[in-house]
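Residue numbering restarts at 1 for every chain, and letters A, B, ... go by the order of the sequence lines.
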Amino acid sequence: MNSLASRLVALRAQAGVTVAPPSATIRSPSSNVASLIPQQLRDMLRVRSQARPLSHDRHLPGVEIATGLRLVERIYPWKEMPERVNAQFAGFGHIPREDLLSFDTETTGLSGGTGTRAFMIGASDWNDSGLRVRQLLITTMAGEAAMLEAFSGWINPATVLVSYNGKSYDSPLLATRYRLGRMHNPLAGLRHLDLLYPVRRRFRGVWENCRLSTVEREWLSVLREDDLPGSEAPRAWLDYLRGLSGRDLRRVLEHNNQDLRSLTTLLLRLGETESFKLEGEAH
DNA sequence: CACGTAGGTTAGTTACATCA
DNA sequence: TGATGTAACTAACCTACGTG
């Protein structure tokens, strides 16, 4: 296969086009039907028939809930789930726990604008069993609309979003994707508690920076094993789309999952220490 | 790398008090 | 009463920073 054909294979794999078995009709040079099809189209159809995964390690967790869209769901038992979460540190008062939805996206880059898309949306909330972490992952470009629609279904008008730098990054990015998909943006108008800012207010000048990884290390005692840096996420996803191993994409799922659990831990910690501080000031 | 946000700084505005 | 000073507040602008 020449290099152009290789690239076409990769592009078709990215587009999520189902691979059809080779057609004897089209492949046969003696066929009358084949002679009616332009050479260019015949080439494309042949390429399509040759798109095959390049790796055997293609397993991904979860279930396919729509074409090109997977859902991974896990429950983490959580001792002492509060009925209401203290978010006075951000001027949000006390928030009923059923209204909270933490979210975090993994995207194809940092460049922003319309060129960047989310390939994964993770969200966590509490149910009676503990902290539920749900992750939507698209395995083809065509899965995006279904992912956005599924995420919309997790949100209601009372939802209070929780994120880390999500006001500046995740939320505008998703707003763009909903707009391009001509869909209603479910995040518009919701209250949004971005934990980056209270962390900065408290720890600017104390720590070298206020990245979530620093918060985990310095304050939450979270140790990440085999963590894939966020900057590697776009490559991991694109590699999978090209038919390569799913190993790093599974690591992106784990990374995103940990981010969501850390967000919840951080939210509670900020609420606890703030109420302690206020009590101290009152006495 | 682009982008959006918070927070800090500076400049401008308003209200009020003081004094000759 | 008008000029001046000052404090409080607001608007505009700039910078730093975290996101995959």
Thinking salt bridges, do Arg251(A) and Asp227(A) make one under a 4.0 Å N-O criterion?
no
Whole-Å distance separating the CZ atom of Arg201(A) from the P atom of dT5(B):
15 Å
Integer-rounded Å distance: dT5(B) P and Leu187(A) CG
13 Å
Is it true that Glu208(A) and Arg217(A) have a side-chain N and a carboxylate O under 4.0 angstrom from each other?
yes
Has the side chain of Thr214(A) got a donor or acceptor atom that lies under 3.5 Å from a matching backbone atom of Cys210(A)?
no
For the pair Asp259(A) and Arg224(A), find out whether any cationic side-chain nitrogen is under 4.0 Å from an anionic carboxylate oxygen.
yes
Under the side-chain contact (heavy atoms from CB on, under 4.5 Å) criterion, do Thr264(A) and Met81(A) qualify, and how do the steps go?
CA-CA 11 Å; Thr264(A) 302; Met81(A) 288 186 292; over 6 Å; no
Mark up nucleotides 15-20 of chain C, 5' to 3', with B wherever a protein heavy atom is under 4.0 angstrom from a base atom, S wherever such an atom reaches only the sugar-phosphate, and - elsewhere.
--BBBB
